Amino acid sequence: MKSVNNVDSIVFMGTSDFSLKALVAIREAGFNVVRVYTQTPKPAGRGYAIQKSVVYKYAEASGIPIHCPKNFKSVEEVERFRSIGANVAVVAAYGLIIPQVLLDIPPRGFINIHASKLPRWRGAAPIPAAILAGDTVTGITIMKMDAGVDTGDIITMGDLYINPEMSSGQLSQELSDLGAAKIVETLKKLDFSLLSARKQSEKDVTYAPKITKESCRIDWMHSAEDIRRTIKAFSPEPGAWTEIKGHRLKIFDAEVAVAEIDKNDYESRNLCHSEILHENSAAGLILDAAKFFCVDKPVHLSGMLAFCGKGVLRLLDVQLAGKKRMSGDAFIRGRRDLVGQVAG
RNA sequence: CGCGGGGUAGAGCAGUCCGGUAGCUCGUCAGGCUCAUAACCUGAAGGUCGGAGGUUCAAAUCCUUCCCCCGCAA
């Protein structure tokens with residue numbers, strides 16, 4: 001039986017932690033990775049030290065030849081790739097555009113691991129997009145690459161349920177495990193996989209918008225649930241943030257403390273905010289503990305609380321610029337001067 | 001040499017400019033009050049102030065140097 005094809009010459013292209021899992025899995029499954037492409041080590045971080053990608057470090061330690069072109073626009077780079085003579089190329093979170101001339105080179109083409117169920121969330125940031133949208137299920141797509149952005153024919157998919165507690169970081173880890181398993185499965189029966197590929201439906205296409213600094217900024221006028229999802233979607237990187245007393249505060253985790261509340265029905269042991277609330281400008285107000293009267297029952301809330309456009313959020317994991325990351329509880333205990341401030 | 005913040009009790013912070021008793025909010029432990037409480041009151045334990053030198057009668061604080069943590073930017 002010819003189930004294991006002649007795929008003993010694989011080129012792997014990837015940069016992030018997400019791709020590293022796939023690379024490791026491919027090698028552990030016994031495939032021969034003959035070359036690794038990853039993004040150029042570049043000055044980054046404090047002091048602009050040269051940073052190698054995790055994939056670079058792994059390949060280096062494993063003795064796999066590494067190549068880091070800036071792009072594939074030159075004939076030289078294309079020919080260099082051709083000279084490897086690879087049977088198939090696997091791409092996962094690489095970060096460079098692969099032109100058609102390159103896609104045409106390997107006999108069995110390019111295969112991509114994408115962190116969503118295509119055609120939902122095409123684009124660069126599918127994981128935060130799924131959380132932000134409140135999706136209850138997402139997954140992995142293994143596809144044949146074509147020249148479009150995540151438009152290739154689908155080989156296989158894997159499902160993953162999003163539990164509401166999950167942050168992008170956790171989801172990304174689980175998806176990378178799933179992706180690693182799926183790519184190995186695909187490579188093991190490569191010819192069959194390629195034959196069974198089917199076109200994407202053009203009906204349910206959505207795009208995952210690029211993440212910007214501004215899209216990570218919290219709008220406290222939104223509901224507590226919306227803001228909670230924003231926080232989860234950008235945790236731990238790059239981190240949802242707000243500004244308080246002129247300083248940037250990142251929020252890595254939060255939970256809805258009260259989904260809905262009549263803003264007049266509460267008191268706080270620390271200070272009386274009724275005048276602020278009457279002005280309807282309470283969104284973003286930070287408190288450290290409060291007692292609410294919902295219907296006829298008093299509800300005691302502890303921890304670091306933030307009023308939203310609708311409801312109250314409990315901030316669980318925060319970090320002020322320049323300080324350590326800590327629980328909201330500890331943070332607000334030490335920074336009582338921030339109680340009663342309005343974040344924005 | 002990219003810009004910047006920080007290291008003080010188990011946690012989070014103030015005090016540092018201008019040297020002179022180690023302080024705050026919590027937590028912990030013990031007791032009290034209350035119908036009751038994530039409320040309140042009383043008391044206790046817990047620190048070689050990141051390390052090493054130096055100046056001084058005296059250093060958390062001033063000088064030199066080293067280590068560690070973090071934000072921005074890329």
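Note that the structure is a prediction, hence the values are computed from the model and not measured. Each chain gets a letter, A, B and so on, in the order the sequences are listed, and its residues count up from 1.
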note: A:L249, atom CG; B:G6, atom P; distance rounded to Å ~ 17 Å
By ring-ring contact (aromatic ring centres under 6.0 Å, His included), A:F252 pairs with (sequence neighbours left out) none
In sequence, state the C-alpha distance, the side-chain angles, and the governing distance for A:R325 and A:D317, and then conclude on salt bridge (charged side-chain N to carboxylate O under 4.0 Å, His left out).
CA-CA 7 Å; A:R325 185 172 163 176; A:D317 191 358; 2.7 Å; yes
If I pick the C1' atom on B:G12 and the same atom on B:G27, what distance separates them, to the nearest angstrom?
11 Å
Exercise: do A:T38 and A:S53 side chains pair donor with acceptor under 3.5 Å:
yes
Which whole number of Å gives the distance between the C1' atom of B:A45 and that of B:C26?
16 Å
Can you tell me, in whole Å, how much space there is between the P of B:G71 and that of B:C24?
32 Å
Separation of B:C3 P from A:Y48 OH (nearest whole Å)
10 Å
Residue mapping more 5' on RNA chain B - nearest nucleotide basis, A:A44 or A:D329:
A:D329
For a quick check of understanding: with a heavy-atom distance under 4.0 Å over all strands, which category does A:K250 fall into, base, sugar-phosphate or nothing?
sugar-phosphate
Any strand: nucleotide that pairs with B:C40 via Watson-Crick or wobble, under 3.5 Å
B:G32
Give the ring-plane orientation class for A:Y37 versus A:Y94, where under 30° counts as parallel, over 60° as perpendicular and anything between as tilted.
perpendicular
C1'-based separation of B:U25 from B:G15 [nearest Å]:
15 Å
Would you say A:I332 and A:V318 make side-chain contact, with heavy atoms under 4.5 Å?
no
May I ask you to verify if any side-chain N or O of A:R46 is less than 4.0 angstrom from the OP1 or OP2 atom of B:G71?
yes
Below the 4.0 Å mark, does B:G71 have OP1 or OP2 next to a side-chain nitrogen or oxygen of A:Q319?
yes
Applying the Watson-Crick and G-U wobble criteria at under 3.5 Å, what pairs with B:G53? Answer none if nothing qualifies.
B:C63
A:K57 meets the salt bridge (Lys or Arg N to Asp or Glu O under 4.0 Å) criterion, sequence neighbours left out, with none
Per the under-4.0 Å heavy-atom filter, residues of residues 210-220 of chain A near RNA chain B come out as A:K213
All N/O contacts under 3.5 Å from nucleotides 11-14 of chain B to the protein, with atom names and distances to one decimal?
residue : atom : partner : partner atom : Å
B:G12   : O2'  : A:A330  : O            : 3.1
B:G12   : O2'  : A:G334  : N            : 3.4
B:C13   : O2'  : A:G334  : O            : 3.1

When rounded to the nearest Å, what value does the distance between P atoms of B:A9 and B:U55 take?
28 Å
By the 4.0 Å heavy-atom rule, please label A:R325 as base, sugar-phosphate, or nothing.
nothing
Side chains of A:D177 and A:Q173: do they bring a donor and an acceptor to under 3.5 Å?
no
Result for 5'-nearest mapping on RNA chain B, choosing between A:A321 and A:R314, is A:R314
Atom P, compared across B:U48 and B:G10: separation rounded to whole Å:
8 Å
Grab the NZ-C1' distance between A:K42 and B:A73 for me, whole Å please.
13 Å
Between P of B:C69 and CG of A:L320, the distance in whole Å
19 Å
For the C1' atoms, the ones on B:A60 and on B:U8, what distance do you get once it is rounded to whole angstrom?
7 Å
In whole angstroms, the gap separating C1' of B:G6 from NE2 of A:H247 amounts to 13 Å
Between C1' of B:G27 and CG of A:D288, the distance in whole Å
15 Å
With C1' as the reference atom in both, quote the distance from B:U65 to B:C70 in angstrom, rounded to an integer.
22 Å
Determine which pairs satisfy ring-ring contact (aromatic ring centres under 6.0 Å, His included) with at least one residue from residues 98-148 of chain A, sequence neighbours left out, and list them in order.
A:F81-A:F110
When you measure from the side chain of A:T141 to the backbone N and O of A:M143, does any donor-acceptor pair fall under 3.5 Å?
no
With both distances under 3.5 Å as the test, what is the Watson-Crick or G-U wobble partner of B:A14?
none
Suppose the criterion is salt bridge (Lys or Arg N to Asp or Glu O under 4.0 Å): which pairs have a residue in residues 111-125 of chain A, not counting sequence neighbours?
A:K117-A:D159, A:R120-A:D135, A:R122-A:E202
Taking the side chain as every heavy atom from C-beta outward, state whether A:L316 and A:S327 have any pair of such atoms under 4.5 Å apart.
no
